[in-house]
Structures are given as C-alpha cells and as structure tokens.
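See below for the structure under consideration.
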Amino acid sequence: MKVLRKNGEIVEVTFEEQEGKKAFWHTSAHVLAQAVKRLYPETKCAIGPAIENGFYYDFQFAFSFSEEHLPIIEAEMRKIVKESLSLQVCEKSKEEALRFMDNAGEKYKTELIQELDDAEQISFYKQGEYGEFCAGPHISNVCQIKAIRLLSVAGAYWRGKEKNQMLTRIYGISFPKAAQLDEYLRMVEEAKARDHRKLGKELGIFTIFDEGPGLPVFLPKGMVLKNLLIDYWRNIHRREGYVEISTPIMLERSLWERSGHWDFYRDAMYSLKVEDDDYAIKPMSCPGGMLVYKLEPRSYKELPVRMGELGLVHRNEKSGTLHGLMRVRSFTQDDAHILMREDQVMDEIQGVMRLIDEVYQKFGFSYEIELSTRPEHSIGSDAEWQLATEALEKAVQGMGKPYAVNEGDGAFYGPKLDFHIKDSIGRTWQCGTIQLDFQLPQRFDIDYIGADGEKHRPIMLHRVVFGSIERFIGILLEHYAGKFPAWIAPVQVKVLPISEKYNGYAKKIERALEENGIRAEVDVRSEKLGYKIREARIDKVPYMIIIGENEKHNMSVSVRQRDAEPDKQDMGEMSLEQAVDLVKRGETE
C-alpha cells in the first residue's frame with residue numbers, strides 16, 4: 001500500500017502498520033467529506049480524523065440528518081473510490097490557506113487555520129475536486145479502499161465545548177479487502193453480545209446510578225470479583241518486594257502545582273475549597289507517594305524502594321465520553337512507584353515487564369508494547385528525555401520484545417511503555433504502563449545518601465498492571481463473555497436441590513464447600529430442577545451440584561461442569577471430597 005506524506009514522499013507500508021492504518025482511515029474520512037459535499041453542497045466540514053477503529057467526520061448540515069442518510073452517502077463514497085482519484089499534496093501560506101477556505105465557505109476550517117503560526121506552511125491534500133488542509137498522511141489513491149461501511153451517527157460539540165455549535169458526527173470503517181470488513185462486522189456483533197454493561201447487569205456485578213454518572217457501584221458479586229483481583233495483586237506484589245501505602249484522596253493545591261499536574265492536568269481534576277484553601281481530588285497517586293518517600297532519610301542500600309498503592313482517583317471526564325466501566329470518573333488505579341539508583345534502572349524496568357507478562361498470561365491475554373515519546377507540552381530537558389527514552393528502549397530490546405513507537409504520546413513528565421492486551425475476539429485495550437520519570441524527584445527535591453556519603457537524586461518509575469481495576473473488570477467481562485474462570489468466579493458452585501425435601505442436605509453441602517474455601521450458593525426456590533439449571537447457566541456458574549434422593553442417601557453429590565465439552569458436562573455422582581478437589585483443580589487451570 002502506497003502512502004503519501006506531507007513532504008511529498010511516497011512510501012510502501014502495510015495496512016497492519018500504524019502509519020498504514022492511519023493513512024487509510026484518514027483518507028477514508030476525506031472520501032466521506034467529499035461524498036457529503038457532492039450530495040449536500042451547503043454542508044460545512046469540521047474535522048475528520050482516523051481513530052482507533054476507523055474514522056469519523058463532523059459536519060454542520062443545513063437539514064435534520066439521520067441514519068437514513070448513511071446508505072446514500074456510502075453509495076456516493078463507492079462511486080468516488082471507483083474514480084481512482086490520486087491524492088496530491090501541496091503547501092500554502094497561512095494567508096493563501098485562509099483565502100482558500102473563506103472562498104469555500106468553510107468557517108470551521110478557517111477558525112483552525114487562524115490559530116496556526118503566521119510563518120507556518122500549511123499542507124493541503126487534494127483528490128479530484130475536493131481538497132482540505134491536513135497534516136496527513138494519506139494513501140496515494142482512493143482506489144485502494146475496497147470496502148466501506150458507515151456505522152453510526154452521533155452529536156458532537158465543535159471542539160468538544162458545550163457552548164459551541166452541535167455538529168453531526170458520522171462514524172465509519174474501511175478496509176483494503178472486503179473479507180476484512182466482513183470479519184470486522186462479525187466482531188462488532190460478537191462484541192455487542194459481550195457488552196460488559198449488559199453482562200454486568202445480568203450477572204449482578206455492577207451498576208451506575210443516574211445520580212452518579214461515571215461513578216460505578218459494585219454489587220455483592222462484583223465486590224467478590226474486585227476483591228479477588230486485589231488479593232491476587234497484593235500477593236504478587238508482596239512477593240516482588242513492594243510495600244503498600246495509602247495516600248489521601250485530596251491534597252492542597254500547592255502539592256499539585258509542585259508536581260506539575262495543576263499546569264498540565266488541571267482540566268481533568270476536580271477542585272474544591274477547604275476553609276480558605278484550594279484543594280484538588282487526586283487524579284493519580286504519585287505526588288502523595290513522593291511525600292511518603294520524603295518522610296525519612298534514605299540510603300543507597302535501601303534502594304530500590306517499591307511502593308504500591310490501590311488509589312481511588314477521580315478524573316473530570318465529559319459526560320459524552322463515559323462508557324460503563326471502560327471510561328469513568330472514579331476508579332481504583334493499581335499504581336506503584338519505584339525509586340531507584342541509575343544503575344538499577346534496567347533491572348527495575350525489566351522486572352516490571354516480567355510482572356506484567358505474568359499477569360496477562362494468567363488471564364489468557366497476548367499483548368503488544370508501544371513506546372510513547374515526548375509530547376508537545378512537557379517538562380524537563382531534552383537530555384533527560386533522551387536518556388529516559390533510550391533506557392526504556394534498551395530495556396524492551398533486552399527482553400527481546402517487539403515494540404512500536406508512538407511519537408509524542410508520552411506523559412508530560414516522561415516517556416512510557418504502554419501494554420495493549422488483545423482479548424478473545426481480537427480487540428486491543430491499553431492497560432499496563434511503565435513511565436520513566438526524572439522530573440518529579442527534582443520537583444519534590446527527594447534524594448538518597450550514596451556510597452560516597454553525598455546526596456544523590458533517585459530516578460522514578462511509575463507503573464500500573466491492571467491500569468484501572470474497574471476497567472480491567474469490564475475487559476474481563478467481555479473477554480470471557482461473563483464466563484469467569486473458576487478462581488475469580490464470584491460464585492464457583494451452585495447447589496441445586498431437586499425439591500424442597502432436599503434443601504436441608506443442600507445447605508449442609510453449601511456450608512461444607514464454604515469451609516473448604518469454595519464460594520457456593522444454594523438455590524432453595526420452589527422451582528423445577530430444569531428451571532434452576534437454566535438459571536445457573538445464565539449466571540455462568542462454573543459448577544453445578546445436583547442434590548436428590550440418591551445423593552442424600554449416599555451422602556454424595558452429582559456434578560455438572562460448565563466448561564467441559566457438551567457430552568462431558570455431566571460428571572455424575574461423586575463424594576463431596578472429590579467434588580471439592582475438582583473445583584480446586586479448576587481454580588489452577
């Protein structure tokens with residue numbers, strides 16, 4: 001696939017590469033805008049970027065637009081593709097660009113250009129009669145787009161500000177092969193069936209009240225699941241030499257100014273007055289961790305210091321972006337901060353990488369690694385950023401792991417490694433991250449006494465494994481389609497007496513299972529056995545124990561297993577000890 005960059009260079013890339021996807025979907029967004037302008041010339045175009053899965057374009061239509069218009073636009077897009085229009089790129093001065101957009105009546109484009117530097121040369125991409133200013137890249141010819149589907153329509157405020165004009169956002173997807181579109185649409189249908197919001201409600205995991213948008217509430221079974229994940233997290237971190245701390249949910253404004261969050265992250269923070277002082281609710285836990293480190297003098301012999309925190313953090317997400325557990329305003333971040341000497345950096349990064357690898361394998365996730373470099377708005381010297389970036393790069397290379405580079409997407413205080421897990425239907429989710437930071441130790445003036453008796457500045461590693469426990473639970477719900485493995489299933493065994501006559505024995509079995517550390521529930525409702533079995537299947541419980549006359553007489557149980565082949569699910573009658581052993585084995589598989 002040929003890609004045209006804004007300097008006029010044409011390069012060969014594949015659709016699987018990041019630049020290839022971005023160029024392909026970005027061009028598809030231009031084809032969408034071209035089709036809309038052909039069909040509805042009075043429409044004003046706003047922005048149309050490539051996104052993680054496909055593209056969108058924001059328009060101001062002169063009429064009431066609905067999803068009924070999508071097939072018409074889609075048909076026009078296919079006509080444009082058949083015209084095999086080559087893309088051309090040229091540069092204009094700011095004055096020329098403004099004149100071009102003014103003549104076209106494109107007020108949104110004009111507003112964006114007005115904010116650019118007067119001396120800046122502005123790149124324009126053109127295909128046929130349609131052209132607009134854009135940084136690119138784009139594919140060299142629209143004929144490479146073999147399959148298109150417009151997916152949905154949504155409202156979007158211009159530039160995301162609620163006081164601005166409400167625009168119409170059209171989402172779409174495209175591929176170089178028709179079979180890829182078919183596979184994508186199949187995956188979308190599968191994803192709908194696995195929607196964690198639907199499963200979370202059906203399985204009694206979580207809810208979100210109208211009174212608290214973006215603030216998830218875990219129900220009893222959800223708390224069992226959350227606590228099991230936290231227990232697992234604590235066990236592996238204790239093993240790896242981490243100590244656990246807990247810092248306040250809000251701290252004075254001066255702390256956030258010192259850390260840089262007040263300048264670089266303020267829009268995402270909630271603030272409040274406490275008496276006459278300004279406070280902020282924490283969006284992340286690292287500044288509190290700095291204060292803990294400073295509580296006592298540190299020697300080089302004590303380093304590395306590994307501090308973990310399951311911190312409840314809050315972020316001011318816009319209501320339109322909230323999505324179940326995946327995008328929330330309050331979540332538990334499994335944060336940890338490692339303070340270390342320069343000679344320990346490589347070992348600590350790779351130690352975290354091994355820990356992340358272990359956790360993701362535990363849940364059956366494969367993953368990809370992305371190295372994100374210095375963003376436009378950041379703190380620190382070029383030399384420090386180069387040092388930190390090279391250290392991360394060498395650590396990944398030393399582990400023999402492949403990685404991609406995401407230019408300009410680092411944290412404001414340092415570069416990072418992001419871990420994108422792949423779920424059972426092929427979707428990727430960014431979860432773990434490792435960030436190397438020279439800046440906070442300087443800002444908080446933290447040090448340690450070296451072997452030479454002098455003060456030295458430690459280097460800091462920020463890292464998460466789950467990322468957000470809430471979001472990780474949402475991912476697990478969709479990854480397993482609600483069929484949690486036995487070790488984290490909120491209910492591992494459902495005990496089903498065939499009639500009320502056997503409720504007493506069923507209760508004894510339930511108590512015996514619980515005494516063996518197995519999470520069990522007994523269904524004592526006056527329902528037929530078939531109904532109870534169907535309900536247990538809907539609840540996706542790993543094991544069912546059936547209790548009737550034989551079982552009561554023989555002091556035994558009959559077991560059914562969820563995850564076996566259909567003809568092997570009924571495991572027959574066995575002793576309680578054998579059933580306990582079966583469930584315990586299932587916990588480790």
Side-chain angles (χ1 to χ4, degrees), residues 154-157 160-162 191-192 194-234 244-253 255-256 261-262 265-274 278-289 308-336 429-433 464-479 482 484 488 490:
Y157 291 106
K161 296 179 180 177
E162 294 177 6
K192 286 180 183 176
R194 293 169 177 259
D195 191 321
H196 75 282
R197 295 167 298 178
K198 169 177 168 286
L199 290 170
K201 181 179 179 180
E202 291 173 354
L203 301 177
I205 302 296
F206 77 98
T207 189
I208 296 176
F209 296 131
D210 293 339
E211 293 84 353
L215 305 170
V217 175
F218 281 96
L219 304 174
K221 289 179 182 176
M223 280 306 300
V224 172
L225 174 58
K226 185 176 181 181
N227 285 331
L228 286 165
L229 291 175
I230 288 173
D231 290 345
Y232 171 63
W233 183 92
R234 284 190 167 127
E244 187 176 351
I245 63 171
S246 177
T247 60
I249 198 169
M250 64 179 189
L251 291 160
E252 278 190 339
R253 170 179 171 172
L255 177 84
W256 303 107
H261 289 88
W262 196 261
Y265 211 75
R266 187 177 174 184
D267 288 346
M269 297 169 67
Y270 294 107
S271 56
L272 69 160
K273 283 277 187 183
V274 178
D278 290 325
Y279 275 68
I281 297 174
K282 67 177 180 181
M284 49 192 71
S285 300
C286 33
E309 178 170 8
L310 294 160
L312 182 63
V313 300
H314 291 74
R315 295 182 184 175
N316 186 14
E317 301 285 357
K318 294 188 180 299
S319 58
T321 66
L322 300 176
H323 181 74
L325 296 176
M326 304 304 195
R327 181 64 69 91
V328 294
R329 288 174 170 153
S330 171
F331 58 93
T332 307
Q333 191 173 49
D334 66 312
D335 221 341
W429 309 89
Q430 196 273 306
C431 287
T433 187
V464 294
V465 180
F466 293 142
S468 151
I469 291 180
E470 285 75 4
R471 186 166 179 265
F472 199 75
I473 287 172
I475 293 168
L476 291 178
L477 272 164
E478 299 197 2
H479 176 59
F484 294 113
I488 55 167

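- A pairwise comparison of heavy atoms in Ile475 and Cys431 identifies CD1-SG, 3.5 Å as the closest pair.
- The two residues Gly432 and Gln430 have their closest heavy-atom pair at O-NE2, 2.8 Å.
- Residues satisfying the side-chain contact (heavy atoms from CB on, under 4.5 Å) criterion with Leu251, sequence neighbours excluded, are Pro248, Leu255, Trp256.
- A heavy-atom distance below 4.5 Å is found between the side chains of Leu477 and Leu203.
- For Asp334, the side-chain hydrogen bond (donor to acceptor under 3.5 Å, both in side chains) test picks out Trp233, with sequence neighbours left out.
- Residue Asp278 holds its CG atom at 6.0 Å from CH2 of Trp262, rounded to the nearest 0.5 Å.
- A distance-only check finds a donor-acceptor pair linking the side chain of Glu309 to the backbone of Thr247 [under 3.5 Å].
- Shown here are the side-chain contact (heavy atoms from CB on, under 4.5 Å) partners of Arg234, two or more places apart in sequence or in another chain: Ile230, Arg238, Glu244, Leu310.
- Between the NE2 atom in His261 and the SG atom in Cys286 there is a gap of 4.0 Å [rounded to 0.5 Å].
- Inter-residue side-chain proximity for Ile205 and Leu199 is flagged as unmet; no heavy-atom pair is nearer than 4.5 Å.
- Every side-chain contact (heavy atoms from CB on, under 4.5 Å) that Ser330 has, sequence neighbours left out, goes to Leu215, Leu312, His314.
- Inter-residue side-chain proximity for Asp267 and Asn316 is flagged as unmet; no heavy-atom pair is nearer than 4.5 Å.
- Atom CG of Leu476 is separated from atom CZ of Arg471 by 11.5 Å, given to the nearest 0.5 angstrom.
- If you take OH on Tyr232 and CZ on Phe466, they are separated by 7.0 Å, rounding to the nearest 0.5 Å.
- Nearest approach of Gly204 to Lys221, heavy atoms of both residues: O-CB, 3.6 Å.
- Taking each heavy atom of Lys226 and Thr332 in turn, the nearest pair found is NZ-OG1, 3.5 Å.
- Nearest heavy-atom pair across Met269 and Pro283 is CG-CG, 3.7 Å.
- Residues in residues 314-329 take part in these salt bridge (Lys or Arg N to Asp or Glu O under 4.0 Å) pairs, two or more places apart or across chains: Glu317-Arg327.
- Side-chain contact between Met250 and Tyr270 is absent, with no heavy-atom pair separated by less than 4.5 Å.
- The shortest heavy-atom contact between Pro216 and Leu325 is CB-CD2, 3.5 Å.
- Every ring-ring contact (aromatic ring centres under 6.0 Å, His included) that His196 has, sequence neighbours left out, goes to Phe206, His323.
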